[in-house]
Amino acid sequence: MLKRSHMCGELRPEHVGQTVTLAGWVNTYRDQGKGLIFIDLRDREGLTQVVFNLREIDESAVTEARSLRREDVVAVGGLVRTRIGGANPKLRTGEIELLAQQLEVLNKADTPPILPDEHEAQKIAEEKRLQYRYIDLRRPKMQQILRTRYEVTRVARQFFANKGFIEIETPFLIKTTPEGARDFIVPSRLYPGKWYALPQSPQIFKQILMASGFDRYLQIVRCFRDEDPRADRQAEFSQIDLEMSFVDRDDVIKMMTSFTQHLWKEILGVDIGDIPVMPYHDAMNRYGIDRPDLRFDLEIEDVSALAAKTDFRVFQEALAKTNGVVKAMRVPGGATQLTRKMTDGYSEFVKTFRAGGAPTVKLTENGFETGVAKFVAPIADELTQRLNLEVGDIVFFTADTWSIAAKAMGELRNKIARDLDLIDESAWKFVWIVDTPMFEYDEDAQRWVAMHHPFTSPMPDQVDMLETDPGACISTGYDIVCNGSEIAGGSIRIHQPPMQQKVFRLLGISDEEAEQKFGFLLRALRYGAPPMGGIAFGLDRLVMLLVGTNNIRDVIAFPKTQSGQDLMTEAPGPADEAQLRELHVKVDVRNSKPEH
RNA sequence: GGGGCGGUAGCUCAAUUGGAUAGAGUCCCGGACUGUCGAUCCGGUGGUUGCGGGUUCGAGUCCCGUCCGCCUCGCCA
């Protein structure tokens, strides 16, 4: 076999005159006739033009070169020379070419169903790209994304190593735990009828490592949650998981701010500056969402008090509800930019978030017009003043319970920003969201559920509230949000058994159940656990932001589809009877089809 | 589990109101061409219209079911 001497992105005019050997994939072939063939040879570093010339080598080699097709794997030896036909500015190697002297076909490829071209990839159905992932991953863009992903983990390991963090692996085969997402479970061969679960995160183990005295822990780790995927969500995903001992909230925020700044500097060369801190309720009230996109200015106002003065039944009915509110959002210039069809569309849009609709008014030179203008007439001046309205503005309202109205308005805010192109795509807007409530009440289950997770500590001055007013109790939780995307979340943990017990009870987990499910954690706390706190960065989302994609499958080498299949390997697949017998598992596929 | 969009040649798409032998580009095959670079030009092969049923003289098109992909609500401590 011809031995490779250089990579295909490497050769420059200074190599002219050298005899080299390249190896790679045939990216394109251009046959100029019996005596002259061009091949663009590709490897992960780039493209190099190879020329086969009948005048320079024997005819059989040219004939063989002529049979090359896309994605054949070849090695070519020859002489580097300046291009005769002029340089190609599109290629980094565009000033030179390799005059072939030897050709070895290492693997003749079948005609590829898809091609790893950037201009093709835009058009090719993602289904095909996933099915032939090995071809799609040859694309320079995909290579660059996965390299960036590696760079992120490399920078993280280096940064935290310098800060005294130790990387420790935690098990994948663990015990199923209550709360949280649905677990993936794995049958136990040695214990009939018993099951392992795959971790939703290494949360409990990293806390125990703190109890074990490791002080600072890091792990870049896969997590598993058996929930429906989304554009930015996969059933298996990766975290940069961190935990620190003897720290409070500000210590963690400081450390992780520093890391985030360092990461953006290292990967993009961008100085993101300080990361502001915003209380959860501010985020919800002003932006309607706990991960506000601060790249644009639209803000939401609570106008309940004004709305109460109107006769509009929608407002009155909402305000009559427990926690009923009326929210308003001014869209500057929206009166002219948004058509009736669009505003009707927005009304339908908010219905998907269980709001009733999004009534509007436009402010014209003649005062409020269209929509609910006649209802807001009595509060016209106050509303104008409150929202700083100007002629040409449009105002959207939502009226419902606080949580529904806020969410509907928050989603509408993001949608209008996209539609009106208000988002500064070059901006990096980070914010810490803090002071999140410990619990929210689940109406369906009729009980409190943890907003973060059951191991989150309340703020020190809030401990008494656990008993008096759990719904108002503020946690130590903190999330980093970047451009409307949550990239990390964590908290100070409970490190004293009595408080952990108290929180379990509040969550409706009995002492017996707590002992059975979390006994090992409670004992670990009992035998001496330090105050501790940590965070986990969503690696996939970090990479998505850094490479500028909104598709999580782009940043995972072998991702799954929305129905949890791997189109390349066709997982999941059946297991044979013997395997199942060994695992003491019997399959009971209920046929949900109607009988007829 | 719900809603929306889609599935036609290897790939990307078209096909009028239900109407003739389902077309085009590209890929592939053959030919021409010694400076191309998303090469070009000429010719050709290539189809279970996702799958199963139904309506009809006739279905890519209409109806029912089903599978798959994407987006989304629920869900995701």
Side-chain angles (χ1 to χ4, degrees), chain A residues 27-40 47-56 62 67 69-71 83-91 93-94 97 99 110-115 117-132 135 177-183 200-201 203-204 223-235 237 348-355 407-408 411 415 436 438-440 442 444 448-456 475 477 486 489 491 503 507 509 538 550-551 553 560-563 565 567 570 592-594 596:
Chain A
N27 195 64
T28 45
Y29 65 96
R30 295 180 292 279
D31 186 344
Q32 296 300 304
K34 285 196 178 69
L36 190 68
I37 293 118
F38 297 97
I39 303 290
D40 287 344
L47 291 175
T48 301
Q49 173 166 286
V50 178
V51 58
F52 295 85
N53 192 335
L54 185 56
R55 284 187 195 144
E56 318 275 348
V62 174
S67 74
R69 289 297 177 270
R70 298 199 57 164
E71 303 311 313
R83 287 197 183 201
I84 291 169
N88 182 352
K90 291 180 191 168
L91 298 182
T93 60
E97 65 187 6
L99 178 63
D110 284 357
T111 301
I114 65 170
L115 290 170
D117 275 347
E118 298 306 337
H119 50 92
E120 292 286 323
Q122 308 302 320
K123 298 188 293 182
I124 297 172
E126 195 180 2
E127 195 173 349
K128 299 294 174 195
R129 291 177 42 210
L130 293 174
Q131 194 177 344
Y132 302 101
I135 300 175
T177 52
E179 300 275 312
R182 188 181 297 113
D183 281 327
Q200 298 179 26
S201 82
Q203 181 60 39
I204 298 175
C223 303
F224 305 88
R225 294 177 191 178
D226 190 5
E227 301 291 350
D228 289 358
R230 284 284 190 285
D232 61 349
R233 228 164 68 188
Q234 285 263 301
F237 62 98
E348 287 306 307
F349 174 73
V350 299
K351 285 178 187 172
T352 61
F353 305 99
R354 295 193 291 182
K407 174 157 196 194
E411 297 290 347
K415 184 163 178 60
T436 306
M438 285 284 288
F439 312 103
E440 68 190 333
D442 183 334
D444 296 335
W448 294 103
V449 293
M451 280 199 62
H452 188 46
H453 57 54
F455 319 110
T456 299
S475 85
E486 184 195 320
S491 65
V503 169
L507 294 171
I509 300 171
N550 48 22
N551 179 352
R553 294 175 298 277
K560 292 181 178 54
T561 67
Q562 277 216 350
S563 54
Q565 288 194 48
L567 295 180
E570 298 181 305
S592 57
K593 289 174 203 164
H596 58 237

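- At a threshold of 4.0 angstrom between heavy atoms, the contacts of A:Arg553 are confined to the sugar-phosphate backbone, with no base atom among them.
- Heavy atoms of A:Lys407 sit under 4.0 angstrom from primed sugar atoms or phosphate atoms, though from no base atom.
- Annotation for A:Gln562 and A:Ala231: closest pair NE2-N, 4.2 Å, computed over non-hydrogen atoms.
- At a threshold of 4.0 angstrom between heavy atoms, the contacts of A:Glu411 with the nucleic acid are absent.
- Residue A:Leu567 contributes atom CG, which lies 10 Å from atom P of B:C68 at whole-angstrom precision.
- In the set B:C28, B:C76, B:G35, the nucleotide with an atom closest to the side chain of A:Thr111 is B:C28.
- With hydrogens and angles left out, the side chain of A:Arg70 and the base of B:C28 share no donor-acceptor pair within 3.5 Å.
- Look at the C1' atom in both B:A22 and B:A14: the space between them is 10 Å, to the nearest Å.
- Heavy atoms of A:Asp117 sit nowhere under 4.0 angstrom from any nucleic acid atom.
- Pairing partner, B:U66: B:G50, with both Watson-Crick or wobble hydrogen-bond distances short of 3.5 Å.
- Within the 4.0 angstrom heavy-atom criterion, no nucleotide atom of any strand lies near A:Phe52.
- Shown here, B:C28 forms a base pair with B:G44; the pair counts as Watson-Crick or G-U wobble because both key distances fall under 3.5 Å.
- Considering only side-chain N and O atoms, A:Thr561 lies under 4.0 angstrom from the phosphate OP1 or OP2 of B:G69.
- Nucleic acid contact class of A:Phe353 (heavy atoms, under 4.0 Å, all strands): sugar-phosphate only.
- Nucleic acid contact class of A:Arg354 (heavy atoms, under 4.0 Å, all strands): none.
- Within 3.5 Å, no donor on the side chain of A:Glu126 pairs with an acceptor on the base of B:G6, nor the reverse.
- Put simply, the side chain of A:Arg233 and the base of B:C76 share a donor and an acceptor less than 3.5 Å apart.
- Mapped onto RNA chain B by nearest heavy atom, A:Arg69 and A:Asn88 fall at different nucleotides, with A:Arg69 at the one closer to the 5' end.
- Nearest nucleotide to the A:Pro113 side chain, out of B:G10, B:U36, B:C33: B:G10.
- In this structure, A:Thr177 reaches neither bases nor backbone, as no heavy-atom distance under 4.0 Å exists between it and the strands shown.
- If you take CD of A:Glu570 and P of B:G69, they are 11 Å apart, rounded to a whole angstrom.
- Remark: the separation of the C1' atoms in B:C76 and B:G6 is 26 Å, to the nearest Å.
- Contact check, A:Ser563 against B:C68: no side-chain N or O comes under 4.0 Å of OP1 or OP2.
- Within 4.0 Å (heavy atoms only), A:Pro454 reaches at least one base atom of the nucleic acid.
- With hydrogens and angles left out, the side chain of A:Gln49 and the base of B:U36 share a donor-acceptor pair within 3.5 Å.
- If you measure from atom CD of A:Glu440 to atom C1' of B:C75, you get 13 Å, rounded to the nearest angstrom.
- Note: CG (A:Asp232) to P (B:C71) measures 9 Å, nearest angstrom.
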- Any chance you could lay out the side chain to side chain contact (heavy atoms under 4.5 Å, CB included) test for A:Leu567 and A:Glu127, step after step, and finish with the verdict? CA-CA 8 Å; A:Leu567 295 180; A:Glu127 195 173 349; 3.7 Å; yes

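- For the side-chain contact (heavy atoms from CB on, under 4.5 Å) with A:Arg70, the qualifying choice from A:Asp117, A:Thr111, A:Asp40 is A:Asp117, the only one to do so.
- Nucleotides B:A9 and B:G47 are separated by 5 Å at their C1' atoms, to the nearest Å.
- At a threshold of 4.0 angstrom between heavy atoms, the contacts of A:Ile124 are confined to the sugar-phosphate backbone, with no base atom among them.
- Remark: the separation of the C1' atoms in B:U12 and B:U16 is 22 Å, to the nearest Å.
- Between the CD atom of A:Glu97 and the CG atom of A:Asn88 there is a distance of 11.5 Å, given to the nearest 0.5 Å.
- At least one side-chain nitrogen or oxygen of A:Arg30 sits closer than 4.0 Å to the OP1 or OP2 atom of B:A39.
- Base pairing of B:U17: no nucleotide in any strand meets the Watson-Crick or G-U wobble criterion (both distances under 3.5 Å).
- Between the side chain of A:Arg230 and the base of B:G74, a donor-acceptor pair under 3.5 Å is found.
- When the side-chain nitrogen and oxygen atoms of A:Gln200 are compared with OP1 and OP2 of B:C76, none of them lie within a distance under 4.0 Å.
- Looking at A:Arg233 and A:Asp228, no side-chain N of the basic residue comes within less than 4.0 Å of a carboxylate O on the acidic one, giving no salt bridge.
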- Given the rule in the side chain to side chain contact (heavy atoms under 4.5 Å, CB included) test, do A:Asp183 and A:Gln200 qualify, once you have shown the distances and angles that lead to the verdict? CA-CA 7 Å; A:Asp183 281 327; A:Gln200 298 179 26; 2.6 Å; yes

- Using the side chain to side chain contact (heavy atoms under 4.5 Å, CB included) rule, take A:Phe439 and A:Val503 through it: C-alpha gap first, then chi angles, then the decisive distance, then the call. CA-CA 10 Å; A:Phe439 312 103; A:Val503 169; 4.1 Å; yes

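- Atom name C1', nucleotides B:G38 and B:G50: the rounded distance is 31 Å, in whole Å.
- Look at the C1' atom in both B:U21 and B:G46: the space between them is 16 Å, to the nearest Å.
- Between A:Tyr132 atom OH and B:U12 atom P there is a gap of 10 Å when expressed in whole angstrom units.
- Within the 4.0 angstrom heavy-atom criterion, no nucleotide atom of any strand lies near A:Thr456.
- In terms of heavy atoms, A:Leu91 sits closest to A:Arg83 at CD1-NH2, 3.7 Å.
- Rounded to an integer number of Å, the gap from A:Gln234 CD to B:C71 C1' is 15 Å.
- Close to B:G38, at under 4.0 Å from its OP1 or OP2, lies a side-chain N or O of A:Lys90.
- Going from the P atom of B:C71 to that of B:A15 covers 26 Å, rounded to whole Å.
- In this structure, of B:U72, B:C37, B:C76, it is B:U72 that holds the atom nearest to the side chain of A:Gln562.
- To the nearest 0.5 Å, atom CG of residue A:Asn550 and atom CG of residue A:Asp232 are 9.0 Å apart.
- Of the candidates B:C68, B:G35, B:C33, B:C68 carries the atom nearest the A:Gln565 side chain, counting heavy atoms from C-beta on.
- Residue-level contact check: A:Gly86 touches the bases, meaning some heavy atom is under 4.0 Å from a base atom.
- Side-chain proximity of A:Ala125 to the nucleotides B:G38, B:U12, B:C68 is greatest for B:U12.
- Contact annotation: A:Tyr29 does not reach the phosphate of B:C27 (side-chain N/O to OP1 or OP2, under 4.0 Å).
- Counting any heavy atom pair closer than 4.0 Å across all strands shown, A:Asp226 reaches no nucleic acid atom.
- Taking the P atom of each, B:C64 and B:U48 are spaced 27 Å apart, rounded to whole Å.
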